[in-house]
Amino acid sequence: MSARTAVVTGSTSGIGLAIARSLAGKGFNLVLNSYTDDTDDTALAEGLAAEFGVEAVYVSADMSNAGDCRALIEKAAETFGAVDVLVNNAGIQHVAPIDKFPVEQWDRIIAINLTSAFHTTAVALPIMRNSGWGRIVNIASAHGLRASVHKSAYVAAKHGIVGFTKVTALETAGHGITANAVCPGFVLTPLVEKQIVDLMAETGESREDVVANRILQKQPSKQFATVEEIGGTVAFLASDDAAQITGTTISVDGGWTAQ
Ligand code: NAD
């Protein structure tokens with residue numbers, strides 16, 4: 001059997017890139033994605049292909065745009081003949097109280113963090129059903145299970161994607177396809193780095209104090225989860241050992257949601 005193919009949205013940095021690396025390590029061919037179209041993006045795909053001995057391409061597609069989301073999956077199927085693993089990872093954050101939350105930021109977060117997964121899944125499902133095997137992994141968050149102040153759009157989108165994951169699991173059960181959501185706690189990526197810098201400016205506190213008292217205060221382990229730990233969790237969900245795990249959430253959050 002030829003190698004299976006994985007599409008990872010938002011995979012040029014942070015968690016998405018680590019997921020792509022973990023899947024390549026298991027022999028999956030890769031479709032990398034972001035909204036940019038730079039030589040760096042193509043070079044990243046070529047580098048991963050050489051490092052892991054798989055095939056990898058970069059496809060530019062803006063996950064805030066419905067047509068782009070659908071075209072990404074079509075392009076992946078056209079290139080590799082299948083879409084076996086779909087990881088809906090692309091996501092953004094904006095932090096503000098509800099009454100001051102910019103409408104365009106709300107719309108953008110819902111589009112990228114939630115609606116994009118509907119579009120990619122809708123196109124991927126017939127392809128997966130046709131091959132009788134598929135894995136959909138949605139990168140939700142501890143904020144898919146718990147709330148925090150000033151993160152209304154993000155919390156709404158992440159709770160939404162947990163619900164969407166469950167429906168996807170029910171509609172695919174018995175077809176060799178699973179759908180699950182991974183719920184990371186805080187992971188030190190550019191998305192969280194921005195929150196640290198913004199909080200330092202807002203409070204005048206040191207980086208150490210912001211990290212300890214405002215970020216990791218929610219995470220009983222007092223440690224960031226690593227991108228590799230999220231990648232490893234997704235690779236497990238993509239394996240045959242996880243065939244009966246579907247419609248559920250897996251938290252990688254240092255105990256946050258045990259509270
Ligand atoms: P990141 O900013 O490092 O990476 C986000 C990725 O999404 C980048 O590759 C970026 O290019 C891509 N992206 C952004 N907008 C896009 C668009 N319009 N179209 C296509 N791609 C786009 O952030 P991250 O921390 O790695 O986040 C990845 C996912 O993990 C997100 O869904 C995020 O909500 C989730 N998550 C992150 C944390 C954390 O602590 N970092 C915790 C829980 C969940």
Honestly curious: do [X] and [Y] fall in one hydrophobic cluster under the side-chain, below-4.5 Å linking rule?
X	Y	result
Phe236	Trp133	yes
Val59	Leu30	no
Ile245	Val252	yes
Ile112	Phe118	no

(message) Counting only heavy atoms not in Lys222 (residues, nucleotides, ligands), do more than 12 fall under 6.0 Å from its NZ?
(response)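 Atom NZ in Lys222 is crowded, with more than 12 foreign heavy atoms closer than 6.0 Å.
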(request) Could you check if a side-chain atom of Arg135 sits within less than 4.5 angstrom of a side-chain atom of Met128, using non-hydrogen atoms only? (result)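 Side chain of Arg135 against side chain of Met128, heavy atoms only: no contact under 4.5 Å found.
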(message) Whether the side chain of Glu229 engages the backbone of Thr226 through a donor-acceptor N/O pair (distance < 3.5 Å, no angle test) should be reported.
(response)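 Side chain of Glu229 to backbone of Thr226: a pair is present.
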(message) Would the distance check show the side chain of Lys158 and the main-chain N or O of Ile139 forming a donor-acceptor pair, the cut-off being under 3.5 Å?
(response)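 Side chain of Lys158 to backbone of Ile139: a pair is present.
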Could you pull out every donor-acceptor pair under 3.5 Å between side chains of residues 79-87 and any protein atom, sequence neighbours left out?
{"unit_1": "Thr79", "atom_1": "OG1", "unit_2": "Lys75", "atom_2": "O", "d": "2.7"}
{"unit_1": "Asp84", "atom_1": "OD2", "unit_2": "Thr5", "atom_2": "N", "d": "2.8"}

(message) Under the criterion side-chain hydrogen bond (donor to acceptor under 3.5 Å, both in side chains), I'd like the reasoning laid out for Ser148 against Lys218: C-alpha separation, chi angles, the key distance, then a yes or no.
(response) CA-CA 10 Å; Ser148 294; Lys218 299 233 179 208; 3.0 Å; yes
(message) When you compare the side chains of Asp241 and Ser239, does any donor N or O come within less than 3.5 Å of an acceptor on the partner?
(response)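 Result is no, nothing qualifies.
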(message) Regarding Asn89 and Thr9, do their side chains bring together a donor and an acceptor under 3.5 Å, going by distance alone?
(response)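 No, Thr9 and Asn89 have no side-chain donor paired with an acceptor closer than 3.5 Å.
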(request) Run the ring-centre check on His94 versus Phe101 and record whether the distance is less than 6.0 Å. (result)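 Yes - the distance between ring centres of His94 and Phe101 falls below the 6.0 Å cut-off.
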(message) Check Glu228 with Arg21, please: is the shortest side-chain N to carboxylate O separation under 4.0 Å?
(response)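 Judged by the 4.0 Å cut-off on N to carboxylate O distance, Arg21 and Glu228 do not form a salt bridge.
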(message) One thing to verify: whether Glu193 and Arg207 come together as a salt bridge, which I'm taking to mean a side-chain N less than 4.0 angstrom from a carboxylate O.
(response)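 The answer is yes: the pair qualifies as a salt bridge.
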(message) With rounding to the nearest 0.5 angstrom, report the SG to CD1 distance, Cys183 to Ile250.
(response)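 Separation between the atoms: 9.0 Å.
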(request) Quick one: sort the Trp256 and Phe186 rings into parallel, tilted or perpendicular, breaks at 30° and 60°. (result)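 Judged by the thresholds at 30° and 60°, the geometry between Trp256 and Phe186 is parallel.
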(request) Could you tell me which non-hydrogen atom of Asn33 sits nearest to which non-hydrogen atom of Ala61, and how far apart they are? (result)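 Shortest heavy-atom contact: ND2-O, 3.0 Å.
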(message) Show every side chain to side chain donor-acceptor pair (under 3.5 Å) that has at least one partner inside residues 110-128, sequence neighbours left out.
(response)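 For residues 110-128, and leaving out neighbouring residues, the side chain to side chain donor-acceptor pair (under 3.5 Å) pairs sorted by first residue read Arg70-His119, Asn88-Thr120.
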